[in-house]
Amino acid sequence: QVQLVESGGGLVQAGGSLRLSCAASGRTFSSYDMGWYRQAPGKEREFVALISWSGGSTYYADSVKGRFTISRDNAKNTVYLQMNSLKPEDTAIYYCNAPPENGALGTVSGYWGQGTQVTVSS
């Protein structure tokens, strides 16, 4: 029943912006951390950003600090990732992640969306 659906990816030029959305259903996520991860071709999946839906605290990978912003709308059960000043190295499939009932982010036992492709050209 739990489902995460990402949207908002696309092709943009370097320096451009995109806003990704992650819509959650089948569960109330307001008490859970939510995160964004990405995976480039031939690379390991890496952490991008997280947000605590209870406290509103955020944390970012060094590679995206100052450029990306994670936010939430609990009324819509949706998490966003605003991406500015995009670089070609940001090209990847971006995944939304939620922890299991009693677990942590970033594990296979959690919930993952299908991913949305972000491609940044020069």
Side-chain angles (χ1 to χ4, degrees):
Q1 295 185 30
V2 176
Q3 187 176 27
L4 304 177
V5 179
E6 302 96 334
S7 62
L11 173 63
V12 298
Q13 293 182 332
S17 298
L18 284 173
R19 189 179 75 158
L20 307 183
S21 298
C22 172
S25 62
R27 177 185 178 187
T28 300
F29 287 91
S30 60
S31 298
Y32 297 90
D33 291 350
M34 297 287 291
W36 286 95
Y37 292 74
R38 68 186 182 186
Q39 187 167 20
K43 305 294 184 181
E44 294 290 324
R45 184 164 56 204
E46 65 175 348
F47 167 78
V48 175
L50 70 80
I51 183 168
S52 171
W53 282 34
S54 294
S57 60
T58 59
Y59 183 78
Y60 299 91
D62 288 342
S63 59
V64 306
K65 284 182 179 178
R67 300 188 298 119
F68 290 11
T69 303
I70 187 170
S71 61
R72 66 184 181 185
D73 186 339
N74 286 341
K76 299 182 182 297
N77 228 25
T78 301
V79 180
Y80 304 96
L81 185 68
Q82 178 66 46
M83 305 185 295
N84 299 325
S85 302
L86 283 163
K87 306 174 181 179
E89 50 263 45
D90 294 319
T91 296
I93 301 175
Y94 284 71
Y95 297 92
C96 183
N97 177 237
E101 187 68 24
N102 295 293
L105 282 170
T107 67
V108 295
S109 62
Y111 301 98
W112 297 87
Q114 83 289 343
T116 185
Q117 177 70 50
V118 172
T119 303
V120 185
S121 66
S122 60

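All heavy atoms count here, side chains included; hydrogens, waters and symmetry mates do not. By convention here, the first residue in the shown sequence is residue 1. Worth saying up front: this structure is predicted, and the values here are computed from it rather than measured.
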| task | Using a 4.5 Å cut-off on heavy atoms from C-beta on, say whether the side chain of Tyr60 contacts that of Arg67. | result |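 A side-chain contact under 4.5 Å is absent here.
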| Student check: side-chain heavy atoms of Asp90 and Met83 closer than 4.5 Å |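 Of all side-chain heavy-atom pairs linking Met83 with Asp90, none is under 4.5 Å.
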| query | For the side chain to side chain contact (heavy atoms under 4.5 Å, CB included) test, which of Ile51, Thr69, Asp73 pairs with Tyr80? | reply |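 The option that passes is Asp73.
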| Which ILVMFWY residues are connected to Trp112, directly or by a chain of links, through side-chain heavy atoms under 4.5 Å apart? |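 Other cluster members: Tyr37, Phe47, Leu50, Tyr59, Ile93, Tyr95, Leu105.
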| More than 12 non-hydrogen atoms from neighbouring residues, nucleotides or ligands closer than 6.0 Å to CD on Gln13, yes or no? |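 Not more than 12 within 6.0 Å, no.
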| query | Crowded around Lys43 NZ? As in, over 12 foreign heavy atoms under 6.0 Å? | reply |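 Not buried by this count: 12 neighbours or fewer within 6.0 Å.
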Interatomic spacing from [atom1] in [X] to [atom2] in [Y] - rounded to 0.5 Å:
X      : Y      : atom1 : atom2 : value
Tyr32  : Tyr111 : OH    : OH    : 8.5 Å
Ile70  : Cys96  : CD1   : SG    : 8.0 Å
Trp36  : Leu20  : CH2   : CG    : 4.5 Å
Ser122 : Lys87  : OG    : NZ    : 14.0 Å
Phe68  : Thr58  : CZ    : OG1   : 14.0 Å

Which heavy atom in [X] sits nearest to a heavy atom in [Y], and how many Å separate them?
X     : Y     : value
Ser25 : Asn77 : N-ND2, 4.4 Å
Leu18 : Gly8  : CD2-O, 3.7 Å
Met34 : Leu4  : CE-CD2, 4.3 Å

| task | Test Asn84 against Ser17 for side-chain contact (heavy atoms from CB on, under 4.5 Å), laying out the working first. | result | CA-CA 4 Å; Asn84 299 325; Ser17 298; 2.9 Å; yes
| query | With sequence neighbours left out, which residue pairs that include part of residues 9-28 fulfil the ring-ring contact (aromatic ring centres under 6.0 Å, His included) condition? | reply |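 Checked against ring-ring contact (aromatic ring centres under 6.0 Å, His included) - neighbours excluded - no pair reaches residues 9-28.
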| Val79 and Val2: same hydrophobic cluster, using ILVMFWY side-chain contacts below 4.5 Å? |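 In one cluster with Val79: Val2, yes.
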| field | Sequence-distant partners of Glu46, side-chain contact (heavy atoms from CB on, under 4.5 Å), two or more places apart | value |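 Result, side-chain contact (heavy atoms from CB on, under 4.5 Å) vs Glu46: Arg38.
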| task | Kindly indicate, with the supporting measurements, whether the criterion side-chain contact (heavy atoms from CB on, under 4.5 Å) is fulfilled by Thr91 and Gln117. | result | CA-CA 8 Å; Thr91 296; Gln117 177 70 50; 4.1 Å; yes
